[in-house]
J.: 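Can you keep this structure in mind? I'll have questions shortly.
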Amino acid sequence: MRIATWNVNSVRIRAALVADFLERVQPDVLLLQEIKCEAHQFPGDAFAAAGYRAEVFGQKSYNGVAVLSREAVEVRARGLPGEAEGAAARYIEVGLRDVIIGNLYLPNGNSGGADGFQAKLDWMARLRVHAAALMATDRDFVLAGDYNVCPTDADYAKGALGADDALVRPESRAAFRALMWLGLTDAVRALHPAETLYTFWDYQAGAWQRDRGLRIDHALLSPRMAERLESVVIAKAERDRTQPSDHVPVMVTIGD
DNA sequence: ATGCCGTTTGTGAAACGA
């Protein structure tokens with residue numbers, strides 16, 4: 001099973017790019033973040049032509065997540081347990097065959113001052129509680145998406161972020177580690193422990209041309225999924241296309 | 001220290017992003 005995740009920064013602007021990726025790469029599942037639209041605005045026809053159906057959890061203007069798949073999936077949840085009614089659309093979870101797939105868009109945490117940063121930590125705490133519940137079911141699962149956390153100093157280019165940025169703050173990293181310590185495996189680091197790898201390059205200040213990137217899009221695997229992990233691909237070439245997202249896809253291949 | 005760019009809303013300028 002091949003599962004890809006991609007923060008597309010508006011699915012309507014980039015529907016053709018996403019459809020082209022689907023046709024070339026043909027993952028079983030593509031998890032989208034920051035679709036920036038409501039479900040009725042989602043360009044599903046562009047993806048249906050490539051052979052994909054969509055499950056959407058959207059909202060007006062901001063955030064929004066969706067799951068594209070060749071086979072029908074069962075939607076297990078829209079939103080995380082414990083979220084307030086009307087909270088930002090940042091999590092959708094589906095079941096496909098024997099696997100549970102959680103698609104997440106974690107808050108950035110740099111806006112809104114101390115309260116905004118605390119909201120990021122609160123969201124991470126809810127994600128950890130939910131991940132613990134998934135572990136307790138003994139089901140196989142993947143939690144993938146835009147985590148908005150650089151787990152270590154090896155995960156961002158020097159000068160790309162300040163030391164007090166919410167993506168690298170000790171509290172954000174501690175929350176990420178607390179998630180990992182439940183027994184999850186970072187798919188990229190399992191297979192590429194020491195490579196300099198990024199999944200995001202800012203539009204500004206020539207970040208792409210200067211390779212000032214961040215590794216913030218992650219796929220965390222439950223123990224048996226980690227045993228079945230065969231390969232990971234960071235589709236870096238997508239960043240060089242016309243009018244690209246600032247993120248590129250990350251794809252994991254899980255053997256049978 | 002700030003803007004650098006890009007998207008949405010709505011048709012201006014501002015919010016938000018990482």
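By convention in this document, chain letters (A, B, ...) are assigned in the order of the sequence lines, proteins followed by strands, and residues within each chain are numbered from 1. Quick note: numbers below take in every heavy atom, side chains included, and nothing from hydrogens, waters or symmetry partners. Worth saying up front: this structure is predicted, and the values here are computed from it rather than measured.
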J.: Please check the phosphate of B/dT7 (OP1 and OP2 only) for any side-chain N or O of A/R14 closer than 4.0 Å.
T.: yes
J.: Looking at B/dA18, I'd like to know if its phosphate oxygens (OP1 or OP2) sit under 4.0 Å from a side-chain N or O belonging to A/N148.
T.: yes
J.: Round to a whole Å and report the spacing from CZ of A/F117 to P of B/dA18.
T.: 15 Å
J.: Using atom C1' in both nucleotides, what's the gap between B/dG12 and B/dT7 to the nearest angstrom?
T.: 16 Å
J.: Rounded to whole angstroms, how far apart are CD1 on A/I35 and C1' on B/dT8?
T.: 14 Å
J.: In whole angstroms, how far is the P atom of B/dT7 from the CG atom of A/L17?
T.: 11 Å
J.: If I take atom CD1 in residue A/I13 and atom P in nucleotide B/dT7, what distance separates them, rounded to the nearest angstrom?
T.: 5 Å
J.: Please lay out, stage by stage, how A/Q33 and A/T5 fare under the test side chain to side chain donor-acceptor pair (under 3.5 Å).
T.: CA-CA 8 Å; A/Q33 302 92 36; A/T5 175; 2.8 Å; yes
J.: Using heavy atoms to find the nearest nucleotide of DNA chain B for A/A205 and A/L167 separately, return the residue whose nucleotide is more 5′.
T.: A/A205
J.: On DNA chain B, check which nucleotide each of A/N9 and A/N110 is closest to and give me the residue with the more 5' one.
T.: A/N9
J.: Applying a 4.0 Å non-hydrogen cut-off, can you work out what A/D217 is touching in the nucleic acid: base, sugar-phosphate, or nothing?
T.: nothing
J.: Indicate yes or no: does A/R241 engage A/D20 in a salt bridge with an N to O separation below 4.0 Å.
T.: yes
J.: Identify each atom pair where a protein N or O and an N or O of nucleotides 9-16 of chain B are less than 3.5 Å apart, giving names and distance.
T.:
{"residue": "B/dT9", "atom": "OP1", "partner": "A/S61", "partner atom": "OG", "Å": "3.3"}

J.: For nucleotides B/dT11 and B/dA1, find the distance between their P atoms and express it as a whole number of Å.
T.: 36 Å
J.: For residues A/Y203 and A/W208, establish whether the separation of their ring centroids is below 6.0 Å.
T.: no
J.: Using a heavy-atom cut-off of 4.0 Å across all strands, would you classify A/L161 as base, sugar-phosphate, or nothing?
T.: nothing
J.: In the hydrophobic clustering that connects Ile, Leu, Val, Met, Phe, Trp and Tyr at side-chain heavy-atom distances below 4.5 Å, which members other than A/L161 occupy its cluster, ordered by chain and number?
T.: A/Y156, A/L167, A/V168, A/F200, A/L214, A/I216
J.: Looking only at atom P, what distance separates B/dG6 and B/dG10, rounded to whole Å?
T.: 23 Å
J.: Once you round it to whole Å, what is the distance between P of B/dC5 and CZ of A/R210?
T.: 13 Å
J.: For A/A166 and A/K120, work out which heavy atoms get closest and say how close.
T.: O-NZ, 3.2 Å
J.: Mind checking A/N63 for me? I need base, sugar-phosphate or nothing, with any heavy atom below 4.0 Å counting as a touch.
T.: nothing
J.: Using the P atom as the reference point in each nucleotide, state the distance between B/dC4 and B/dA14 in Å, no decimals.
T.: 14 Å
J.: Quick one: A/F200 CZ to B/dG6 C1', roughly how many Å, whole number?
T.: 11 Å
J.: Could you check how far CD of A/E38 sits from C1' of B/dT7, rounded to whole Å?
T.: 16 Å
J.: In plain terms, say whether A/R97 and A/E71 are close enough for a salt bridge, that is, a side-chain N and a carboxylate O under 4.0 Å apart.
T.: yes
J.: When you measure from the side-chain N and O atoms of A/Y203 to the phosphate of B/dG3, is any distance below 4.0 Å, counting only OP1 and OP2?
T.: no
J.: Take the protein atom CD of A/Q209 and the nucleotide atom P of B/dC5, then report the distance between them rounded to whole Å.
T.: 11 Å
J.: Under the rule for ring-ring contact (aromatic ring centres under 6.0 Å, His included), what residues qualify as partners of A/F47, not counting sequence neighbours?
T.: A/F42
J.: Classify the nucleic acid contact of A/Y105 as base, sugar-phosphate or nothing, counting any heavy atom under 4.0 Å across all strands shown.
T.: sugar-phosphate
J.: Determine: side-chain N/O of A/H247 to OP1/OP2 of B/dG17, distance under 4.0 Å, yes or no.
T.: no
J.: If you draw the axis of the six-membered ring of A/Y198, does the NZ or CZ of A/R215 fall within 45° of it and under 6.0 Å from the ring centre?
T.: no
